[in-house]
J.: 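The structure that follows is given in the form of structure tokens.
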Amino acid sequence: MTAEDAKSFFSRELLLWYRASKRDLPWRRSRDPYRIWVSEVMLQQTRVETVIPYYERFMERFPTAVALAEAPEEEVLKLWEGLGYYSRARNLQAGAREVAELYGGAVPDDKEAVARLKGVGPYTAGAIMSIAFNRPEPAVDGNVMRVLSRYFCLEDDIAKPSTRKKIERLAVSLIPEGAASDFNQGLMELGALVCTPKSPGCLTCPVMAQCAGRLAGKERELPVKTKAKPPRPELRLAALIVGTGPRAGQVLVRRRPDRGLLARMWELPHIELAKGSSETALFGGNDDAVHRQLARRLAAELMRETGLPVRPLGWREDAEHVFSHIHWHMRVYTAELDSSGAFRFEGDDRTWIAAEAAGVYDAGFFCEDEQAAPLLAAAAGDLPPGYRWIGPEDMGELAFPNLFLRILNAYWQQEGNADAMDDEMTNGGMIG
DNA sequence: AAATCGGGGAT
DNA sequence: ATCCCAGATTT
């Protein structure tokens, strides 16, 4: 049995297996390259079962590249809410705009042109070209690296970029004549359903007979992969600032910056507790003294940043949120805005901003008069740039990361219940 | 080459 | 708890 025999065996058997047992997935019911493109971007680092409902909603709303190109960005982000890696959504729309303007709305049957689209890297370009156009291009993802590492017993570290390129060269050489679409999908399907990371189902594998990794008894050791560093911890304090008077039932939120983590998503105002600051020592505590001090720090820092006269009311909940590289330990405090006598002024060219009447006795600081202007405006009721009041009816338009989505939805639900109970008691009391 | 960028399901 | 998922982009 030569190496060439092992390769042609693999290609032949895998193709037969895929055609006999492929799953019925939404993006497999069409060869529209736009649909393939959307599915592949959603599937980046994301499981099939997670993607399906997002894909269905997205395609219903944006059935063509032109429809996506013409949509408001916020609507695209909202449909991506909860899926993660939000730059994918913005890059996809940027790519759709390229397709609309440069190619009349049709994804071109051109490898270089597709590879130049925003958010389309080596894998996605290969996937679009092979799946939609049946071009013999490699589409090497984590599944493919695992399957081929095992079948050919390759000990290269798949975390290294050079290994992906090596496996791409191997993958191209395996594509059967005229069957790139089914073969590439079969490779990934095998990795997803049979050649799984932990306990591979070798006994049902169509290519087990020639799998070098299994024949060497190494199917569980492969592929070799250096493990990722654990996410670094960050201590954060968030404010659930609830409206009063005409703002009753509303909550103050803000939009994140254009770049970086959770770019352009909405969130609750919050601060990071500086590493090594005195409050970090108290972070885990749960008694009144701890909460008073943490809430005071939160109010002072937010007031320094925004000028808003934040008055903490009490601890609400703790929330954990783990990203790939950061672990947020968040404590959430309920608060109000209260500018009654919160600001006083001294000196000729410098202003003393304080919040004594708001109960934040150590929140004062000096600043230049010009810098004081926006703070005074905030005290008067203006909001800083990017901030706005919302009610539950606004949740359908604004995209929040899951962490804040959970906190807000719990609050709206609780408010709804409280209102219902008020009505009930009012009715009972008045009528009785 | 290493870091950044979400979130969840499986084990 | 740990891994990793139909990865791309920036540093």
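If you're wondering where the values come from, they're calculated on a predicted model, not measured in any experiment. A, B, ... follow the sequence lines: proteins, then strands. Residue 1 opens every chain.
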J.: Is T124(A) touching bases, backbone alone, or none of the nucleic acid, heavy atoms closer than 4.0 Å?
T.: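 Counting heavy atoms under 4.0 Å across all strands, the contact made by T124(A) is with sugar-phosphate only.
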J.: Rounded to the nearest Å, what distance is computed from the NZ atom of residue K227(A) to the P atom of nucleotide dC5(C)?
T.: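 Between P of dC5(C) and NZ of K227(A): 17 Å.
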J.: In whole Å, I'd like the distance from the CZ atom of F183(A) to the P atom of dA6(C).
T.: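 Rounded to whole Å, this separation is 17 Å.
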J.: Extract from the structure each pairing of a protein N or O with an N or O of nucleotides 1-3 of chain B at less than 3.5 Å, listing the distance.
T.:
from, atom 1, to, atom 2, distance (Å)
dA3(B), OP1, K229(A), NZ, 3.4

J.: I'd like a list of close polar pairs between nucleotides 9-11 of chain C and the protein, N/O only, cut-off under 3.5 Å.
T.:
from, atom 1, to, atom 2, distance (Å)
dT9(C), OP1, G119(A), N, 2.5

J.: I326(A) has an atom CD1; how far is it from atom C1' of dT4(B), in whole Å?
T.: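 Whole-Å distance recorded here is 8 Å.
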J.: Ignoring hydrogens and angles, tell me if any N or O in the side chain of N134(A) forms a donor-acceptor pair with the backbone of S181(A) under 3.5 Å.
T.: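 Confirmed, N134(A) side chain pairs with S181(A) backbone.
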J.: Distance alone, cut at 3.5 Å: any donor-acceptor contact between the side chains of S324(A) and Y85(A)?
T.: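 S324(A) vs Y85(A): donor-acceptor pair found between side chains.
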J.: Atom CG in L252(A), atom CZ in R388(A): separation rounded to 0.5 Å?
T.: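 Spacing of CG (L252(A)) from CZ (R388(A)) equals 10.5 Å.
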J.: Is the shortest side-chain N to carboxylate O distance from R28(A) to E189(A) below 4.0 Å?
T.: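 Between E189(A) and R28(A) there is a salt bridge, with a charged N closer than 4.0 Å to a carboxylate O.
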J.: Do other residues, nucleotides or ligands put more than 12 heavy atoms under 6.0 Å from the CD atom of E60(A)?
T.: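 No, the 6.0 Å shell around CD holds no more than 12 heavy atoms from other groups.
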J.: Just call it for L92(A): base, sugar-phosphate, or nothing, with non-hydrogen atoms closer than 4.0 Å on any strand.
T.: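 Answer is nothing: L92(A) stays at 4.0 Å or more from every strand.
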J.: With a sphere of 6.0 Å drawn around NZ of K275(A), does it hold more than 12 non-hydrogen atoms of other residues, nucleotides or ligands?
T.: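 Correct, the count exceeds 12.
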J.: Would you classify R23(A) as touching base, sugar-phosphate or nothing, given that sugar-phosphate means primed atoms plus P, OP1 and OP2, and contacts are heavy atoms under 4.0 Å?
T.: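 R23(A): base contact, heavy atoms under 4.0 Å.
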J.: Would you say the side-chain atoms of H327(A) and E234(A) include a donor-acceptor pair closer than 3.5 Å?
T.: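 There is no such pair (donor and acceptor under 3.5 Å, judged by atom type) between the side chains of H327(A) and E234(A).
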J.: Just the rounded figure in Å: distance from P of dC3(C) to CG of D157(A).
T.: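 D157(A) atom CG is separated from dC3(C) atom P by 13 Å.
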J.: Assess the pair Y18(A) and F183(A): is the distance between their ring centroids shorter than 6.0 Å?
T.: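 They do not qualify: ring centres at least 6.0 Å apart.
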J.: Does W328(A) reach a base, just sugar-phosphate, or nothing at all? Heavy atoms under 4.0 Å.
T.: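 The answer is nothing, as W328(A) stays clear of every strand by at least 4.0 Å.
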J.: Looking at K78(A), I want to see if its NZ is surrounded by more than 12 non-hydrogen atoms of other residues, nucleotides or ligands under 6.0 Å.
T.: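 Counting other residues, nucleotides and ligands, NZ of K78(A) exceeds 12 neighbours.
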J.: Could you tell me how far apart L190(A) (CG) and dC5(C) (C1') are, to the nearest whole angstrom?
T.: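 Taking CG of L190(A) and C1' of dC5(C), I get 16 Å after rounding.
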J.: Could you tell me the separation between the CD1 atom of I158(A) and the P atom of dA6(C), rounded to a whole number of Å?
T.: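 Atom CD1 in I158(A) sits about 12 Å away from atom P in dA6(C).
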J.: Would you call the rings of H321(A) and W328(A) parallel, tilted or perpendicular if under 30° counts as parallel and over 60° as perpendicular?
T.: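 Ring orientation, 0 to 90° scale: tilted.
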J.: Could you tell me how far dA6(C) sits from dT11(B) if I compare only their P atoms? Round to whole Å.
T.: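 These two P atoms come out 13 Å apart once rounded.
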J.: Mark up nucleotides 6-11 of chain B, 5' to 3', with B wherever a protein heavy atom is under 4.0 angstrom from a base atom, S wherever such an atom reaches only the sugar-phosphate, and - elsewhere.
T.: BBBB-S
J.: How far, in whole Å, is dG6(B) from dC5(C) if one measures between their C1' atoms?
T.: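 That atom pair is separated by 12 Å.
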J.: Pick base, sugar-phosphate or nothing for R28(A), based on heavy-atom distances below 4.0 Å to the nucleic acid.
T.: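 The answer is base, as R28(A) lies within the cut-off (heavy atoms under 4.0 Å) of a base atom.
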J.: Are the aromatic rings of F404(A) and W266(A) close, with centres under 6.0 Å apart?
T.: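 Here the rings of W266(A) and F404(A) have centres that are no less than 6.0 Å from each other.
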J.: Measure CH2/W37(A) against P/dA8(C) and give the value in whole Å, please.
T.: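 Rounded to whole Å, this separation is 13 Å.
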J.: Indicate yes or no: does D182(A) engage R19(A) in a salt bridge with an N to O separation below 4.0 Å.
T.: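 Here D182(A) pairs with R19(A) in a salt bridge, since their nearest N and O are under 4.0 Å apart.
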